[in-house]
Amino acid sequence: MAFPVLLFVLLFPLVHGFTPRITAVVTGGNRGLGLAISDLLAEVGYHVILTARNAEEGQARVADIQRRHGQNRCEFMALDVSEPKSIKAFVDQMKRNEEMRGGVPHVLINNAGICVRDEDAAAAVEGSGGREGVYRSVFDINTWAPVALMEACLPGMCKHGFGCIVNISSGDGELAYLHSEVAKRLKRVRSLAELKQFSDWVAQMQQEGPWPRGEGLAPVSWPAYSFSKAVLNAATRLLQSRVDALVSKDMKVRAHQPRIVAICPGDVNTAMCDEHAAHDALSPEQAALDVVWAVLHSKECHGGYFYRARRAIPW
Ligand SMILES: NC(=O)c1ccc[n+]([C@@H]2O[C@H](COP(=O)([O-])OP(=O)(O)OC[C@H]3O[C@@H](n4cnc5c(N)ncnc54)[C@H](OP(=O)(O)O)[C@@H]3O)[C@@H](O)[C@H]2O)c1
């Protein structure tokens, strides 16, 4: 067992007490980073709800994790984050789960995501929805599904005074990489409704071709992905301020208020990784250590911040 993992195992009971069945939901847990995060969370003692859209694959990965860490450490639930009906069915299933306090998990890792290259978006121009349709699907999966899951969990987390939500974002979504006028507009957004209008506007405006990036920067090969992560980061800030406003008057609650953080895992050697970056990329298991660090270290990892390699980075 690697030293940091051993440390987590030793610190885990101190951080969370000895309550049985501390649950963690991971989206897109069937492969890549999501699988490594699920495995590590099960190793350090969580009861992991590994979700995936492909039930056969998800159940097979759950069986692997159970073999390694124990029957009680992992279960499967189906969740296709591109389907509002699937999100609703998953949330209903969570609420009926008697093992979960108040039907909410202690930890939610919004990991599932897709990256669409601009040439594929351009190819879709002739197809249904065109480039705008491609942007909308990327926003739905990478941004609006995580928001729906956060909105489902946060009332219970606030009520019970626990919770950590990690949004797996990307440095590609940093404001510095957006065109300055677009970044200014995004910074002015003050509510989720305004954020939705912003993402709709971005999707509509790309029909003729992608916008230029930040001044002096070469075009990125996956602009829809970058925008979806920039908007996910904005949702992280907005929802954390909503939590802060709810609990600001009650110091007792404040000590245990839910934290929402965004994490850029760096380049990770998964199916999504750019082939040029794969050579120097982290393994999913290495990248998962930083994600689980965020979950376990509430004193060092603060809600409403964006982290890479355990350090806060600019939005
Ligand atoms: N790899 C990198 O270098 C890198 C860098 C920065 C950020 N990230 C972020 O890290 C996260 C994980 O990506 P990864 O690198 O592990 O990529 P990956 O190997 O391609 O895994 C993506 C995961 O998302 C799932 N997913 C996609 N669409 C879904 C849907 N509609 N419903 C449910 N699950 C869905 C996939 O499930 P299926 O098997 O069913 O497709 C898969 O489990 C993503 O949010 C990504 O943006 C990755």
Side-chain angles (χ1 to χ4, degrees), residues 25-40 48-62 64-65 76-91 108-117 120 134 136-149 165-174 177 220-233 235-236 261-292 294 306-309 313:
V25 167
V26 182
T27 67
N30 55 308
R31 63 185 168 96
L33 182 56
L35 175 59
I37 296 168
S38 302
D39 191 77
L40 186 54
V48 175
I49 297 182
L50 183 154
T51 74
R53 58 180 159 175
N54 180 324
E56 208 178 312
E57 249 185 56
Q59 274 155 353
R61 298 295 81 78
V62 166
D64 294 341
I65 293 177
F76 175 75
M77 287 191 196
L79 174 58
D80 180 338
V81 297
S82 68
E83 289 290 337
K85 270 192 195 155
S86 173
I87 296 177
K88 186 178 179 310
F90 170 73
V91 170
L108 166 66
I109 313 283
N110 277 315
N111 163 79
I114 56 166
C115 181
V116 178
R117 291 183 160 268
D120 299 328
V134 171
R136 283 185 187 280
S137 355
V138 176
F139 276 126
D140 284 347
I141 291 172
N142 291 0
T143 315
W144 296 110
V147 169
L149 291 171
I165 297 177
V166 179
N167 291 323
I168 307 296
S169 183
S170 165
D172 284 337
E174 281 177 39
Y177 294 142
V220 70
S221 307
W222 38 83
Y225 175 80
S226 302
F227 275 117
S228 72
K229 297 296 190 179
V231 177
L232 177 63
N233 288 350
T236 305
V261 299
I263 287 194
C264 166
D267 289 325
V268 189
N269 199 351
T270 64
M272 190 184 286
C273 189
D274 180 40
E275 60 193 33
H276 303 297
H279 189 254
D280 297 319
L282 298 172
S283 69
E285 292 73 24
Q286 287 169 316
L289 285 168
D290 289 345
V291 176
V292 175
F306 188 19
Y307 291 89
R308 184 191 293 119
I313 57 171

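Counting convention: from 1, in listed order, for ligands and their atoms alike. The first residue of the sequence shown is numbered 1, and numbering continues consecutively from there. Predicted model only: the values in this text are computed from it and were never measured.
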query: So, is Thr270 polar-close to ligand 1, with some N/O to N/O distance under 3.5 Å?
result: yes
- prompt: Ala52: heavy atom below 4.0 Å from ligand 1, yes or no?
  reply: no
- prompt: How many angstroms lie between atom CG of Leu50 and atom CG of Leu35, to the nearest 0.5 angstrom?
  reply: 7.0 Å
Among Ala288, Gly266, Ser170, closest by any non-hydrogen atom to atom 4 (C) of ligand 1: Gly266
query: Which of the atoms in ligand 1, numbered in the order shown and given with their element, are less than 4.0 Å from a heavy-atom of Ile114?
result: 27 (C), 28 (N)
- request: State the CG-OG distance between Asn111 and Ser38, to the nearest 0.5 angstrom.
  value: 7.5 Å
- prompt: To which protein heavy atom is atom 19 (O) of ligand 1 closest, and what is the distance rounded to 0.1 Å?
  reply: Arg31 NH1, 3.1 Å
field: Those atoms of ligand 1 less than 4.0 Å from some heavy atom in Ser169
entry: 6 (C), 7 (C)
task: Identify the protein heavy atom lying closest to atom 3 (O) of ligand 1, giving its residue, its atom name and the separation to 0.1 Å.
output: Val268 N, 2.8 Å
query: Taking both backbone and side-chain atoms of Gly28, is any N or O found less than 3.5 Å from an N or O belonging to ligand 1?
result: yes
- prompt: Which atoms form the tightest heavy-atom contact between Val166 and Ala294, and what is the distance?
  reply: CG2-CB, 4.4 Å
message: Within this structure, what is the CZ-CD distance for the pair Phe90 and Glu83, rounded to the nearest 0.5 Å?
response: 15.5 Å
query: What's the shortest distance from atom 8 (N) of ligand 1 to any protein heavy atom, and which residue and atom give it?
result: Tyr225 OH, 3.5 Å
message: I want to know if ligand 1 touches Ile141 in the polar sense, i.e. an N/O pair below 3.5 angstrom.
response: no
statement: Of all heavy-atom pairs linking Ile168 and Leu232, the shortest is O-CD2, 3.8 Å
query: Considering distance alone, does some N or O of Gly113 sit under 3.5 Å from an N or O of ligand 1?
result: yes
message: Check contact between Pro284 and ligand 1, using heavy atoms of the residue and a distance below 4.0 angstrom.
response: no
- request: Please name the pair of heavy atoms, one in Gly32 and one in Thr270, separated by the smallest distance, quoted to 0.1 Å.
  value: CA-CG2, 3.8 Å
task: Could you walk me through whether Tyr307 and Val261 pass the side chain to side chain contact (heavy atoms under 4.5 Å, CB included) test, one step at a time?
output: CA-CA 8 Å; Tyr307 291 89; Val261 299; 4.1 Å; yes
- prompt: Within less than 4.0 angstrom of ligand 1, does Cys264 place any heavy atom?
  reply: no
task: Measure the distance from atom 41 (O) of ligand 1 to every protein heavy atom, then report the residue, atom name and distance (to 0.1 Å) of the closest one.
output: Arg53 NH2, 2.7 Å
- prompt: For ligand 1, is Asn54 a contact, meaning one of its heavy atoms is under 4.0 Å away?
  reply: no
Test item, Lys229 contacting ligand 1 (heavy atom, 4.0 angstrom): yes
query: At a 4.0 Å cut-off, with the gap strictly under it, does some heavy atom of Ser86 reach an atom of ligand 1?
result: no
task: Return a yes/no value for Leu33: is any of its N or O atoms, backbone included, closer than 3.5 angstrom to an N or O of ligand 1?
output: yes
task: Evaluate the criterion salt bridge (Lys or Arg N to Asp or Glu O under 4.0 Å) for residue pair Glu174 and Arg308; output intermediate values, then yes/no.
output: CA-CA 12 Å; Glu174 281 177 39; Arg308 184 191 293 119; 2.9 Å; yes
